[in-house]
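Since we're looking at a predicted model, the values are computed, not measured. No hydrogens, no waters, no symmetry mates; every other heavy atom, side chains included, goes into these values.
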Amino acid sequence: MNWRTTLILAVVVLGVFAYLRFFEMKQPSTEEARRQAQNVVNFDRSKVDGIIIQNGDEKIEIRRRDNKWRLETPIKDQADGALVENLLSDLETWQKEGIIPAKDIEADKSKLNEYGLNRPKLKLKLIGSDRPPEILFGKDAALEGRMYVRFENSKETFLARQSVKKDIDKKAEEFRDKKLTDVTTAQVRRIALKTPAGEMELEKKGEHWDIVKPLRARADDEKVGDLIAQITTARIQQFVADDHGDLRPYGLAEPRGSITLFSQEGRKDQKVEIADSIKVFGQEDKGQMLQIGSVPEKEKDQVYVRFAPRGAVYTLPRKIEEALNTKPADLRDYHFVRIDTNVLDRITIDVPGKGKTVLARKDGNWTIANRNNAPADSGAVRRLIDTLQNERVTKFVEDVASNLPKYGLDKPHLQLTFSSFASENTAETKAGEQPFATLAFGKEDGDNVYARLTDEPFVVAARRGVVDQIPADPLQWQELSIFQFKPDQIHRVSVTTDKELSLERGENDQWHWLKGTGQIDGTNVQSLLNTLSSLHAVRWLGATKPQDGLEKPQLTLAFTTSPDNKASHRLIIGAPANDGTWCAHVDGREGTFVITNSVLNSLRLPLVAQPSPTPSPTPTVTP
């Protein structure tokens, strides 16, 4: 045998092996084959395109369209998808519990009549590729919960549970979907309402809702979501009629109002026409319109509605008519401002005559950009953002801000600008600062202050106290951490009140006097070091003033953090503030901050150990 023959034989052997392996993989396992043999019917549910149920004289046909189930006969409507899927699941797990062979039926032809399978009333046919034969349903068996079934092309009869029969032995109406629409609240991008009070339109931009008619204003996302959910979660109470006949008996010839939901997202440069449709570059989204009619005479807790996408008249719970009472004021967003923290990089606080404070985000923290990017109190910046986002306007004063001087908003005394920032040009943005919201505050009126967002036409009133929470002095935005050392880094410390005491750390961390006498109180020294090394301010007051009492301090602490004593620091504590705190200043930082009374007490603990009192001698009693 030459090498060419050997090669050909090897290829043939490999081919046969591959074919056998492929064929073996396609065959069900022994356990799976046993399960399939026990099933009444075997099919691939993904290939089922439809279902036909013959129930006496009534034929019910259900088809899968765009992965949704629809009734086609005897009525056209949306089918209850959960009900159909449950039927398919029951068919998949439907097992034979007894078999009567075809030869036994042939031997006694009266058996088919006895089992109700000669001319059965109830039949089920699956539509699709590789479909099984039509299933015929007979009488209930003597064994409880069981019945007789067979296939159209076979007289072999099976005993099986009645579960599938219960799934299909229904009227066509029972297969109709009682859920009004399959559109979800999250899919809705636009709403049009027609009510006795007028028309209103809302549109979703990004993650938020806006009112676009009869005025342009921010909408309350939660309230709009609740309004939409009334439609998307509505359950049909009664299937009344199709909508091709006389609608006057239902009050739908001239409905009291309508709500139309649009799930197609609009584009900025499109031409939008709101009536019965929205046109988008030649595409048409007619939306899903629900018209609300009259209340039935007998069911006072229901209301007639016409739902255009399903071409029918139904009744819904009467609560749905609450939507007709909706006014723009009911849906307006009372939050002061929307701040997208995902793109927020800068906050500019502008007070005319006092300059600007520019806070910039950097690596998750905040700096004071106009003070050489000095660290800012990031917690205070986040609290400001939260305060403004959670603050609610007390009143919408004017929907058209035509008289700004009246409210002091032509020359606001405080203005906040929120911006994104790009260090270089990109395809989406230009380099530099890009403001996306500016909030201006005007005159005060009692407990309120007038304000407006410059890109909105409204004047609103808000709590006057919100202005007090916005420091105008950049020094007040400094970080609260004053010192960030470890206690064992402090090498020398001096404490000056009416006199000066000075200590130095020696070998083995032992402290000795440079100025002072007596036994050193090691516990108090350690407490001083712990407090001083991690000193934090309660808040910054701003620029230093004479009333801060720093020119005549009551306590001065100086310390070094290097063995050569060149890295020196100094803390000065002055007069008390009016809230139980004390004014303080540290070299190298501009401005005055305050510390708590407990911190001050730790800083002025006595460093000289107090002698223990000598116990009094016990007097001797002479008898």
Selection residues 345-355 - residue pairs positive for salt bridge (Lys or Arg N to Asp or Glu O under 4.0 Å), sequence neighbours left out
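Counting only pairs at least two positions apart or across chains, the salt bridge (Lys or Arg N to Asp or Glu O under 4.0 Å) contacts touching residues 345-355 are Asp345-Arg361, Arg346-Glu433.
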
Met200 pairs by side chain to side chain contact (heavy atoms under 4.5 Å, CB included) with which of Leu215, Thr195, Thr326?
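That would be Thr326.
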
Looking at [Y] and [X], is there a salt bridge between them, counting it only when a charged N and a carboxylate O are closer than 4.0 Å?
X	Y	answer
Lys395	Asp445	no
Lys68	Asp177	no
Glu85	Arg45	yes

Going by salt bridge (charged side-chain N to carboxylate O under 4.0 Å, His left out), Arg332 matches just one of Asp210, Asp399, Asp220. Which one?
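That would be Asp399; it is the only one of Asp210, Asp399, Asp220 passing the salt bridge (charged side-chain N to carboxylate O under 4.0 Å, His left out) with Arg332.
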
When you measure from the side chain of [X] to the backbone N and O of [Y], does any donor-acceptor pair fall under 3.5 Å?
X	Y	result
Lys443	Leu409	no
Gln489	Ser533	no
Ser378	Trp366	yes

Is it the case that the side chains of [Y] and [X] hold a donor-acceptor pair, with the cut-off being a distance below 3.5 Å and no angle test?
X	Y	result
Gln238	Gln302	yes
His244	Asp242	no
Thr232	Thr184	no

Is it true that atom CZ of Arg248 has more than 12 heavy atoms of other residues, nucleotides or ligands lying nearer than 6.0 Å?
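Incorrect, the count does not exceed 12.
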
Taking everything shown except Arg570 itself, do over 12 heavy atoms lie less than 6.0 Å from its CZ?
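No, the 6.0 Å shell around CZ holds no more than 12 heavy atoms from other groups.
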
Hey, which of Tyr407, Phe336, Tyr450 is the one that makes ring pair (Phe, Tyr, Trp, His ring centres under 6.0 Å) with Phe441?
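For Phe441, the ring pair (Phe, Tyr, Trp, His ring centres under 6.0 Å) test succeeds with only one of Tyr407, Phe336, Tyr450, which is Phe336.
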
Do Val305 and Ile236 come close enough that some side-chain heavy atom pair is under 4.5 Å?
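Not in contact.
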
